[in-house]
Structures are given as C-alpha cells and as structure tokens.
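Worksheet: the structure to be examined is printed underneath.
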Amino acid sequence: MAARRAWLSRSGPGLLAGLTISALASPGLAAPTRHFAIARGDLAQALNAFSRQADIPVMTLADVRNRTSQGVSGLLTPEQALNRLIDGQNLRAVAAGGGYVLREAALPSPPPPIVRHAPPPEPTIEVDTVVVTGFRETMLHARDLKRRATGDTEMILAEDIAAFPDLNLAESLQRVPGMTISRDTGEGRQIALRGLGPDFTRAQLNGMEVSASTASGMDNRGSVSRTRAFDYSIFASELFNKVTVWKSYAVDQDEGGIGGTVELRTAKPFDYAGDKLAFSAKGLTNSATGTISPRLAALASRRWGDVGALVSVAYSENDANEYGYRNWGWTPVTFGAANVASTVDPAVANRLINATGTDRVAAPMAESYSSWFDHRTRLGVTVSLQYEPGTRVKLGADLLYGRLSNDRDEFSLAAAGDNPLTGDVKGTQRLRGAVIQGNSLVQADYSGGVDLRTEHKRSEDTTVFLQGAVNGEVQADKLRLRGIAGYSKSDFEGPVFDKIFLQASNKAFSYDLRGGEPVNAYGFDPADAAQWSLMRADTREDQVVNQFTTGRFDVDYQATPTLSIEGGAQYKSFRNDGYTRRGRSDYPAGTPAPQAVKELIFEKSLRQYIVGDIDATFARLGVNRDLSVADDLPGSDFSITEKTWSTYLMARAQGEADGKTWRGDLGLRYYDTDLISEGLVNTGVQMQPARIRSRYDGVLPALNLAVDLSPSVVGRLSINRNISRPSLADLRVAGNVNSAPFGGTISSGNPNLHPFLADAIEGTIETYQARAGYFAVSVFYKRMDSFITTATSAVPYGSTGYPPQFLAPGNGPDTIYTFVRPVNGDGASIRGVELALQRDFTFLPAPFDKLGFVGNVTHASGRSNAVVDGQSVMLDLFQLSRWTSNATLYYETPRWGARISSAYRSGYLDSAGGNDSIGTGYKASNNIDLAAHYNTAGGLRIVLEGVNLTDEPITQYSDITEKRLTARTVSGRTFTLGVTYEF
C-alpha cells in the first residue's frame, strides 16, 4: 500500500456494503462490542478488514507498507480490536472525523491512546441467526462513503442480491437529493440532476461512458429516444450493487456532464470474503392489468485463492397499461360563419369567427381517449473475472449483456377524421355551444359533421446492450499504474410499428376540459362496429445504434505520505447511427376499398370502442411491411461520430491544519474533439446529402476541498469548469418533416453549435451524529455560456425548401408549418440549495426507537432565452423542477422492517412550445412507494413492495399561462411479493 494519507475503505474485498460511522468516534458514548475475525498478515489488508467489520473508517498518515498485523478474533470494542492490530508496529491511533487516524508513534512501543476504559474479559462468541443487512445499515454505509469523499457525492448501495427496492435503476436514483426522473408506462426512464436534463448527465458503467436508447409508446413523450441521455429502464436494478452520483467535477473524471455523472457498478467476486450464492424470486402485478408476472435474479461467486469469478442474472416480465386522455396539442383556430350555430353565445361566436392576432382562440387537437399497453421483458447477465496475486497487482474483466423488449398495443379514439377538430373549423362540423377561458376553447359541443377515427397501433421493439471491459492495476513502490479498455454497443430496433385507422363520419361530439378530468361525449355508440369504416394503414421501422470505444491509462505517484500526483490520457470514440422509415396507405371515404377486420379495444381505457385488428386487416389489404431506404423519413437517417483525446494532471493532498484534517484535489484537463455529422440537409431548393466536420478543444480546471471542521462536521468546496456536448438531434445536418392534417412540424439540426460550457461553484456543510443521523446543507451555482436553445417560427411549407411529396393530403405550399431548430442563444445560469436529513429515533422509548427518517429537499432556479413564434421569451430551463423532495419513514428490527417513501417533483417545462403556446411541460407529481421485509431464522427473507400507491396521474400541458391540458394519464399501482435467499 502506498505511503500516503488515505481513508481505508472496502476498496478491495467486500466493497458492496461500504462503511458506517461508529458511535465510538464521539467521546463519552458507550462502547458496543462487535465480532472480529481478522487473520494474521499484511497490516494494510488487516486495516481494510477492520474498517469493514467495525463499520469505521481509518485514515493513514503513516507508511503501513511491509508491516505485519498479528490479527484479532472475538467480541471486542473497535478500540480494542484496532489497538491489537497495530500492536508492536510503532503506530498510534487518534479518533478524528468520525473514524481513526493512524500516525507514527514517538516511541517504539506505542501506548494505547484510544482505549478509554479497561478491556473486558474475552467473552464467548455468540452469533445471532438473523443478520441485519437492511435499509438502515445500507444507508449508513452509503452515508459514510459520502462523508469520506472529497467532492460532493451521493451513493446507493445494495448489500445483497435484489436489495434495490425499485423496478429499475431510474426509480432507485430518484431518492438522491436533487435527482428527478421522468416516468413512462408506470416506470422511471430518464433522470435530471439539480435542474439540468438528461443530456447534461453522463452515465458510466464499470468505469466507461455508455449510452442506451429505448422508446416510449406515447408520441407526446418523444417516441424513440435518440439522444445522449441514458435510458435507465433498460437494466434491472438487481444487476448492480453500487451507484455513485458525482455532483461535483474532478479532472480525473471524463468531461461532458455539467449536471453530474452517474457511475454504475456491477458486483465483482472480490467484493465477497469467500464464495457466495444468492437468488430472489418475486411475483409482480399491476392494478391496471391484473396479470401476475415473474421477477427473478441470481448471483454466484467463487474464489480460488488469487482468482475469482462471478455471474449474475436478472430476468423479469411486466404488463403495464397507461391510459387516459390526450390532445395532440393546441393550435389557434378560426371558424367559418356557417360552422357556428345561433345557439352559441354571440361574444364567443364573434371571437371564433373574427378574432385575429393575440385575440385568436386556441383549441385542442384530436381530443382523444387513449391507452398504451406494454408487455415488457428484461434480461440482464453480468460476468466478472478478477486476478489479484497479493496487493500489488490487480487484473479484471467485466462483461454485461442487457436486453429490454417491449410488445405494445396502443389505442385511441380521436376527433381526427377527414373533418376533424385539429385546426380551423370550416368543413361539415357545426358548433352549437362553446366556452372560452382566457384564450382557450375548453368546452365545445358539435351537433354533427365531426368525423372521428380510432387508431390501433401494434409495435415491437428491442434494445440490446453489450459491454466488455478489461482493467488492471500495478503498484510499484510509490508508483501506481492503472488502465482500462473496452467497448459498448446499444442497438435499438423497432421492426414492427403497424397502425390501422377506422373512421366514423358525420357524428355529434362534445368535449369538456374543465375540472380535474376531461370528458368526451359521442352522438353514437363507438362500440358499434357498423359505425366504422377503413381509413388508413401505416407501417414504420426504427433503428438507433450507439457505440463507445474507450481506452484509458492513469499514473499515480506518491510524492510524500500526504501528496500524490496523478495524470492520465484517454481516447474515446462515440458513434450514433439510425433511421426511421414510414409507409402509408390511404382509403378515402366513398372509394372502393376492402373492409377492415374489427374488434373491441381489449385493454383498460376510459371507454370501449371499435378498432381494427391489425394482423387480419393487413393480411386482407396486402400491406407491405418490408420497408427500404426509399421509405426513410427525411431528417431521420443520419450519423454522428465523435473522437476525443483527453489528458489530465492532478494533485491530491491531505493534511492537518489548526487541528483539523483536510483533503483536496486540484488539476487541469485538456480535451480535443473531432466531430463528423452526416445526413440530408435542406439547401433551400432541395434535399441533398451532406457531411460536415468540426473540431473543438478546451482546458477544464477543477478544485475540490473537504475539511473535517470537527469530529462531527465536514465542510466542502468545489470550483470547476466543465462542458456538455450538444444533443445528437441538435448536431445533425438532417431535416425532419412531420405532416398532419392541420399542417405539421419541421425540425432540423445545426452542426455548427458550440458545446455548453459551464463554470460551477458549490459548498456544503455536513453534520454527522455518529450512527444516529446526519444533516447537510448544499448551495450550488452554475453559469453556462452560449446556452443552446430552440428557435421556433411559423412559416409556409413552400418557403422551407422541402419537397411537396412530404405534405399530408389536403396540405399545400401555403400550409403553415412550425419550423424548429437549435441555436446558440444567450448564456444561462442555475442556482439552488439542497437540504438533507437522516435521523434514527433512538431517543424514543421502545418499540418506537426502531423508527427513523431520511429526506431531502432541493430548490433550483434557472432561466434561458428562447425564440417562440418569432418572439424572444425567458423560460425556465427545460427539465428544471424548482422544488423536488424525497422523504422516507422507516422502521427496522433484526427480524423485520418496513418503509414508506414519497418522491415529489414540481412542474417543469420540456420544450419552448410554439403555435401560439409559450412553453410545454408537466404538472407537479408525487409518487408514494412502500417496501417491507421479514427475515426468517433460516436466512430466507420475505419481501413485499408497492410502487405508485396513489396511482399518481401524469399531466402534460401547453402554454405556461393558460396551462392547456395536453395529456392526463394513469398507470395503476404495482405490487411485488417474493423471497430472497443467500448461501
């Protein structure tokens, strides 16, 4: 072990459980005994084992290399055990910072300075048949790792297989202070950290940056995610035993995450003292589906001296059904005079017919009852090999395979036929009553003339993730060499995306969006098959491939016991490829066409209605499902390639000043990125292939300092500069046309965008109350130069240069389209404060002394300039919730435990809006979850979990002033019941 000051943690065997802080770190408290079993041998390894078994950190200010410990065994206080370990080594231990500091002793035979009472007689060892490895202990372990870090970090630890309580990793991460998640079909999907969205947060797996794409069944949520953001829903939480969230930046980290970095770690064989075999089996059900599906996991680890091997497998199935109300969006409308009956209030009629400019009324589009059913299957496999011949050489290899499959049936009943409610009303529709609130048409009643349609979409998609990495470490006296090389690939394929549309013509229809839940009424029975005829058939295919190739080499030179110099170089290649292909067949009313095969919607919805049987109807129609390059959606077939070389130099120092220990790092990182963007670009006349190459580089400084202000208080300060690269869609040269009956949207990228560049400063004060709890306050500020924002304008389609064949039927060159593209706007800043509290209620009388609470609250604010419909507006940063909080009340004994948790997120924006709406976003949400367990005497643990106990709705809106309803859906309550066991 290097001669340096270091907190000895479980960095070798047994890392997954972490460390806690003993009550003995505070003078005057009773000294509980623990069972120690530390063999004679290398002192560094013995101290590491002591930290693990005593749950107490040890810092060395002395050279412990080539020193031998006599070992220790039995029930002892931590002071007794530590004194015996260092006996005869000319060392002394001093309580500091919640742990112990080892220094060279002045005399060859050191006195026992930390023994505050006479050692008791050696008692007989007694081992309880119930081992406490529950929520409280894991939380204490994670808290202590946070305490000993230099920068601002958060950690989630799972000590045993299946110990993560949530459906996937995203839901586990939502408990971290400042962390929020987006949900889709009943599960978490992507994360935002301290108000910055998913594209600002890097994901790292086993030491390498990764990216993975999945899809949402809901168009309002972007469908396929082709972004830098990592979709955490791809992995079952059982595959990981440690997740670290780096909120502050140090130069030995990869650049690219202004928001922070989430580091995922799979289990390794040397995490365990010996062989390990564990499994879990659970059954899962959801109130919106009523089915029961399996959730299984197993882990096997074996050690043969210096060699270890581990395999873990996680498999699950889950039926989810999200259903509710959805509008396509909102748009300004003008009614023809003949379309408004005399029964409509004259003032309302006048506005609908004659209003212009800012007096125009916006109406919802398509007013739909919708359902999104998904049968989701996950499979994850990890393989880890380690070779550690002693303490100076460590070699390892990790393999990870993940597969997420979605098998969806989606349905909607919408006012979107040939005479729809998706724009101006000048067809056969006849309005007989209406209510306008502000500038929004929130209620409308049509006596007839509305053409409705149903949609049945059948889709199948799969994301396959592969990662392979090798790593090594060599310790040579004062020099430590480390290296890692690997490759990862995420391949999303959506080969099936079929739709059948049916139409019911000339119907009475009304909608009412006032109140908590929107309501539609129909002048006929939508469940009557005779009312519906074939309208359209669509096909689509998607593919998105992300690839990372990484190589990294680091050198650590121990200049003095309290100073190390680190440096390294890294090469990273990232490539993203993908496309979307579409086919469409229209069957206009009145023309001869085969009839659709019809059926009732067969998933839970707000009401029953007729849809098309896709397989039977496609077979009858002879629809071509085999799409080719000729069917590429313009702007979707593009590739982005980034190759980055980087190097860094950093000093790590530790010491003591005025009786206070401190630790810190200071360094510089240089990066050089070469970018190639390929695709189709709009020349103003036609679409042509293009290839644009750009390059940028920079230097990033960072300083992190932590000071143990007292044995129970830690202060931190971080100052750094970092970048976030623009999103993939923003960098494409390609353009994208989405046509619809009311017009549509054209979006294009901008390969000449500059990266986000942010200067950040943050400070933290943390107070630790031994094992009883802690309290922390953090303040942070980030200033971003040249913040990338979106420019949105309404223009005639003919002025865009896109070819007319991309227009929807009935549209022409003068049809107004929304044109959206990214631009480098003014800089933006974000500031905020975080409070975190954890407390065991040990001051209460039994049995209430087993209660405890952990919670946090974050307030963040940040705004940037956006261009919407040609005007400049200041909006909150996208994905920024001004208030977020988490709270968990828990009760835990050695035999059983339970906890209930709340995760609150205030409303936030997800786009700049457009089409007379300033901003679009989500309303506030609060999710309540429950977990409970019972430990049997034989080692079997029975587990019960409940997710989203209140069936919290997800509500989307348009326009920050009017808060016009876009969608309101629920996905039911999820419950799991099962067992875990380890050998």
Side-chain angles (χ1 to χ4, degrees), residues 1-13 15 41-51 57-69 85-86 88-94 96 99-106 108 148-151 207 250-253 270 306 386-396 471-485 551-570 646-657 661-669 702-706:
M1 180 176 178
R4 58 176 176 165
R5 173 187 176 187
W7 284 108
L8 289 175
S9 67
R10 300 176 71 173
S11 55
L15 174 61
D42 180 77
L43 178 59
Q45 292 187 356
L47 292 173
N48 191 35
F50 169 81
S51 291
V58 178
M59 176 180 288
T60 62
L61 289 176
D63 189 347
V64 297
R65 294 172 300 166
N66 303 318
R67 294 188 178 186
T68 302
S69 169
L85 288 178
I86 64 176
Q89 299 302 313
N90 199 34
L91 296 172
R92 63 189 181 95
V94 179
Y100 297 111
V101 176
L102 291 186
R103 296 183 174 91
E104 297 286 354
R148 292 183 286 106
T150 302
V251 298
D252 61 338
Q253 302 172 17
F270 278 76
D306 297 335
Q386 287 182 301
Y387 174 58
E388 298 186 4
T391 60
R392 293 182 175 270
V393 176
K394 297 180 181 180
L395 300 175
N471 60 83
E473 178 179 323
V474 177
Q475 183 80 49
D477 195 22
K478 295 185 178 182
L479 198 65
R480 184 171 60 141
L481 309 177
R482 291 172 288 130
I484 185 172
R552 175 170 177 158
F553 180 73
D554 300 271
V555 178
D556 178 358
Y557 176 71
Q558 196 71 45
T560 72
T562 59
L563 174 65
S564 66
I565 306 297
E566 297 183 23
Q570 182 184 62
S646 58
T647 184
Y648 76 94
L649 183 65
M650 179 175 67
R652 292 188 187 272
Q654 306 108 90
E656 185 174 333
T661 57
W662 60 271
R663 56 200 176 275
D665 59 69
L666 173 66
L668 296 172
R669 185 180 187 91
L703 165 69
N704 294 282
L705 179 65

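Residues E473 and R480 are in side-chain contact: their nearest non-hydrogen atoms beyond the backbone lie under 4.5 Å apart. Side-chain atoms of R67 and L91, non-hydrogen and from C-beta on, do get closer than 4.5 Å to each other. Residues D554 and D556 have side chains not in contact (no heavy-atom distance under 4.5 Å, counting atoms from C-beta outward).
Side-chain atoms of R663 come within 3.5 Å of backbone N or O of R148 as a donor-acceptor pair. Side-chain atoms of T647 come within 3.5 Å of backbone N or O of G568 as a donor-acceptor pair. A donor-acceptor pair is defined here as one N or O able to donate and one able to accept, closer than 3.5 Å; such a pair exists between the side chain of R669 and the backbone of Q253. Using modelled atom types, one side-chain atom of Q558 and one backbone atom of T560 make a donor-acceptor pair closer than 3.5 Å.
Across all non-hydrogen atoms, the minimal contact from Q475 to T391 is CB-O, 4.5 Å. Pairing each heavy atom of A250 with each of N704, the nearest pair is CB-ND2, 3.7 Å. Residues D306 and F270 share a closest heavy-atom pair of O-CZ, 3.5 Å. Nearest heavy atom pair, residue R552 against residue Y648, reads NH2-CE2, 3.9 Å. The two residues I565 and L649 come nearest to each other via the heavy atoms CG2-CD1, 4.0 Å. Closest approach of Q89 and T68 over heavy atoms only: NE2-O, 2.7 Å.
Surrounding CZ of F553 are more than 12 heavy atoms belonging to other residues, nucleotides or ligands, all under 6.0 Å away.
One finds no salt bridge joining R482 and D252 here, because no Lys/Arg side-chain nitrogen approaches an Asp/Glu carboxylate oxygen to under 4.0 Å.
No option in I86, L47, L43 other than L43 meets the side-chain contact (heavy atoms from CB on, under 4.5 Å) test with S69.
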